[in-house]
Amino acid sequence: MKKINITSAVLLIYLLVMSVIGWPGNKPEIGWTQYCLVIGLTSGAIFLLRYVQIKRFKSREKVKNERKNGEN
C-alpha cells in the first residue's frame, strides 16, 4: 500500500507544479474554465488510477492467500 500512496503523492505534486507553471494569470486568451477543467480531469484520472491500483493489490493478496491456504 505504501507504494500506491507514494505514486499518488508524486502525481499530485507533479500536477500542482504543472498547474503553477501553466498559470494563465491575466492572459485573456486562455479560458479559466478550460484551465480548471484540465486540472479537475487530471486529478480525477489520478484518483481513478489510485482506485484501480488498490483494487488490483487487494485481488493479488486474495489470490496469494488462497494459494497459501490451498497448499496446507
Side-chain angles (χ1 to χ4, degrees):
M1 277 301 252
K2 186 176 182 182
K3 192 174 187 180
I4 295 170
N5 293 336
I6 291 171
T7 303
S8 298
V10 167
L11 287 172
L12 287 172
I13 290 169
Y14 177 76
L15 175 62
L16 179 69
V17 169
M18 295 310 288
S19 298
V20 170
I21 290 173
W23 183 262
N26 293 327
K27 301 173 192 169
E29 65 272 1
I30 298 175
W32 281 99
T33 54
Q34 181 183 1
Y35 178 76
C36 293
L37 185 66
V38 168
I39 291 172
L41 289 174
T42 306
S43 60
I46 291 170
F47 286 113
L48 180 66
L49 175 66
R50 179 178 170 78
Y51 172 76
V52 169
Q53 284 179 324
I54 289 172
K55 193 167 185 158
R56 191 172 130 220
F57 177 76
K58 287 182 181 179
S59 69
R60 263 193 197 166
E61 289 296 317
K62 184 179 176 184
V63 168
K64 188 187 291 185
N65 289 336
E66 287 175 357
R67 284 184 185 169
K68 192 180 275 188
N69 291 336
E71 292 175 359
N72 294 332

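We use all heavy atoms of the structure for the numbers below, so side chains are in, but hydrogens, waters and symmetry mates are not. In what follows, residues are counted from 1 in the order of the sequence shown.
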Could you go through residues 40-47 and list every donor-acceptor pair under 3.5 Å that involves a side-chain atom there, pairing it with any protein atom two or more places apart or in another chain?
residue, atom, partner, partner atom, Å
T42, OG1, V38, O, 2.7
S43, OG, I39, O, 3.2
S43, OG, G40, O, 2.9

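- With sequence neighbours excluded, no residue satisfies side chain to side chain contact (heavy atoms under 4.5 Å, CB included) with L48.
- E66 pairs by the side chain to side chain contact (heavy atoms under 4.5 Å, CB included) definition with K62, not counting sequence neighbours.
- For the pair M18 and I21, the minimum side-chain heavy-atom distance is below 4.5 Å.
- Clustering of Ile, Leu, Val, Met, Phe, Trp and Tyr side chains at separations under 4.5 Å leaves L16 isolated, with no partner residue.
- With hydrogens and angles disregarded, no donor-acceptor distance shorter than 3.5 Å links the side chain of S8 to the backbone of N5.
- By the salt bridge (charged side-chain N to carboxylate O under 4.0 Å, His left out) test, K64 is found to be paired with E61, residues two or more places apart in sequence or in another chain being considered.
- The closest side-chain heavy-atom distance from Q53 to F57 is not below 4.5 Å.
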